[in-house]
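Since the structure comes first, as structure tokens, the remarks are kept for the end.
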There are 2 protein chains.
Amino acid sequence: MTQLSPVGRPLRPQHKVLQEDARRHHRALILQQLFSDGPASRADLARATALTRVTVSDLVGEMIRDELLEELGAPAHDPAQSRVGKPPTLVGFVPEAAHIVCLDLSVEDTMTGAVTNLAGTVLSRRSVDTRGATGPDALALVHRLAADLVAEATRPVLGVGVGTPGVVDTEGTVLDAPNLGWQDVHLARSLHEALGLPVFVANDANTAALAEHTFGHAGEGGLMLVRVGKGVGAGLILGGQLLHGHRAAAGEIGHVVIDPAGTTCACGRVGCLETVLGVPRLRQRLEHDGPEALGRVGELLGTVLAPVVGTLNLHELVLSGPTDLLDGPLREATAATIRRNTMAVSGDHLVVRTSTLGEDVVLVGAAALVLAGELGVS
Amino acid sequence: MTQLSPVGRPLRPQHKVLQEDARRHHRALILQQLFSDGPASRADLARATALTRVTVSDLVGEMIRDELLEELGAPAHDPAQSRVGKPPTLVGFVPEAAHIVCLDLSVEDTMTGAVTNLAGTVLSRRSVDTRGATGPDALALVHRLAADLVAEATRPVLGVGVGTPGVVDTEGTVLDAPNLGWQDVHLARSLHEALGLPVFVANDANTAALAEHTFGHAGEGGLMLVRVGKGVGAGLILGGQLLHGHRAAAGEIGHVVIDPAGTTCACGRVGCLETVLGVPRLRQRLEHDGPEALGRVGELLGTVLAPVVGTLNLHELVLSGPTDLLDGPLREATAATIRRNTMAVSGDHLVVRTSTLGEDVVLVGAAALVLAGELGVS
DNA sequence: ATTTGTTAGTTCAGCGCACTTACTAACTCT
DNA sequence: AGAGTTAGTAAGTGCGCTGAACTAACAAAT
């Protein structure tokens, strides 16, 4: 499994397991439980994780000392069932235990950043007009923005997460990001060296997918998020983990040819998905041909995605972008086409929806990246 | 990642890590190394796994006592480099340490089985004409065949692996296999109860993909195997692990619609991949329209797979089935179409090839299933 | 009011595992 | 012959989890 590693704490050559790792893992199990299902007693946690009460007590005690958890007293008494025995003391996750600094570099001519708490709630934001800066200049802007946000945090900073356009490897190196004029930019490393914090970098569609998985009401099965902006990209969560792909280019779906009779793309090919699904083109079509044109785009999208949905037996397909364009005939036609073009097992249980996180998907996903990397919560 | 669990040794509720697990994992690391790169000294293993020499010595000693490994003496001296220091003693994997019983239920009207060693070499085989048996009758035949093969093994049997058509969940329950008339058949459980051995069951295309990954010369990146028989199915290895999908139906690609203007499929839809790529149809076409017809089929296949390859950023695409049909214009057209329809990052590093394992892919894959499940080797 | 039973949480001794440190073994090069 | 180097082993340490036995705090039965 390609595991994302923060800079400054590289994974060991192979994946040998130290006892220390076991402990971190068990902490993560408990955190995950409290994170997704809310407060619980130590005994509940023991049952849920299959750890013993002793171990749970120990771990919880440690995390309470770290101020990651807090005791919440006895649960509200439910008179329906006679609660025999000593009443439990609830333990809960403390979202304000630390802050996360996250950046979204995917918006054109703008860099957005925020400080969030551990629940992904945005506490403050900042943005910079890039004025077309690229290469080292763009990198400097990122550094500046990140540093400002770190200074703004009022609690210890757990880490820095970045969602950027382009192809990003698991080390946090941006291999290629044409918009920003970056090639082989060691973004994570350089930020880590400047800030002394754990830094995680991923492609914007990937962080968006992670956001949906962590903070959206996503199910257990596989999830694919298609991000529709000026360009089109996708992120996949399979088995609870981000998929990176052989050359770190998983999700690069914008230049899959879908309409060979269509218009020429910037990449030179004819009829790339981007030339059909990109926002500018969608707006144009909507104006020209009305809403039913969106339905036709949905059919095309469904046709490209049907093989993917069928092959991966996905559970959820999330569309992220301007809701007025996506959440109508387009979504419906996409869903219908996929169902029509795949087997019942694949299609019938598929959920096709738009993102629940709005404009902040990428940003909040960057936070989720840190959460997953540092605390093992997702 | 959904981990496959043998019957009779269920995974613990969550995934807590015991010390015992750590040890098993480290044993697996060493085995994996010896399995894929051949004999090595303890010191080499320590370097490769990042374990200490002490730990490696301990683990190796244990495995030598278990007769899984053996000492091979000093390595052939290479006069090129001056080998200073104490000469190492090589340690090697013993393929004959145990035998594996594997079954292939995917061939029509036939059940094939074999006894293999740990290297996947077939030592003896057996097959049964099913004479159209379905349901409990077919199950009885499987039991009989498995028992006979277990009796034939001349070494302790590591486990039983089964590759079957249909949808199989991670517990080894065949949810649906029309050809065999099976629905919710607890195949793994019933075989385990009858034989008292670990049993692993997976879809035939999945075992085939695993075979290619374990015994073929597969790379590290993602692999997809498309199995072309009377029907069409696929198996995926991502991050070194089999993908199961939300409803255990990953790889069910045979009924993705590819040619809406084509012929009606048994499933009711029009133009399923199976109606184009199924062997009977291919033979028909070849006879009627000559080899170039295969090229056209390749183009269709490439069109369905391009989105998948692009989305997953796959490394290898393996075609498995009658080589005379697949390994010519069809393969070439598929590769060309995928490259034409995807970005350079996705397409340029993709390897499209036919299977190197011939008729036995599914069978040998069933062995790989056991190997992976019991020894953690893949 | 006391006893009984149940559940929550803690204390303590013990065990398995991999680690560090320090050793011996066996070879090459000078 | 001695110095240097690499492979492998022995002994002791520390970490993290476990089971068993404890205390605490309640409900229900007597």
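To find a chain, count down the sequence lines: A is the first, B the second, and so on, and within it residues start at 1.
- For A/Thr89 and C/dA8, the shortest distance from a side-chain N or O to OP1 or OP2 is not below 4.0 Å.
- Qualifying ring-ring contact (aromatic ring centres under 6.0 Å, His included) partners for B/His213, counting only residues two or more places apart in sequence or in other chains: none.
- Under the ring-ring contact (aromatic ring centres under 6.0 Å, His included) criterion, B/His99 pairs with no residue at all, not counting sequence neighbours.
- A/Phe35 meets the ring-ring contact (aromatic ring centres under 6.0 Å, His included) test with A/Phe93; sequence neighbours excluded.
- Residue B/Lys86 contributes atom NZ, which lies 8 Å from atom C1' of C/dT24 at whole-angstrom precision.
- Applying the 4.0 Å criterion to OP1 and OP2 of D/dT6, one finds that B/Arg42 has every side-chain N and O outside that range.
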| said: Using a 4.0 Å heavy-atom cut-off to protein, can you give one letter per nucleotide of nucleotides 13-21 of chain D, 5' to 3': B if the base is in contact, S if only the sugar-phosphate is, - if neither? | reply: -BBBSBBB-
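- Residues satisfying the side chain to side chain contact (heavy atoms under 4.5 Å, CB included) test with B/Glu220, not counting sequence neighbours, are none.
- B/Ile64 meets the side chain to side chain contact (heavy atoms under 4.5 Å, CB included) test with B/Arg42, B/Val60, B/Leu69, B/Glu71; sequence neighbours excluded.
- Proximity of A/Ser57 to the phosphate of C/dG9: no side-chain N or O atom is located under 4.0 Å from OP1 or OP2.
- Evaluation of the side chain to side chain contact (heavy atoms under 4.5 Å, CB included) rule for A/Ala74 yields no partner, not counting sequence neighbours.
- Side chain of B/His192 to backbone of B/Leu197: a donor-acceptor contact under 3.5 angstrom is found.
- Atom pair B/Leu45:CG and C/dA18:P shows a separation of 14 Å (rounding to whole Å applied).
- Contacts between residues 63-72 of chain A and DNA chain C, counted as heavy-atom distances below 4.0 Å, involve no residue at all.
- With sequence neighbours left out, the side chain to side chain contact (heavy atoms under 4.5 Å, CB included) criterion links B/Pro75 to B/Pro88, B/Leu90.
- Where B/Glu62 and A/Pro88 each meet DNA chain C at their nearest nucleotide, the meeting point lying more 5' is that of A/Pro88.
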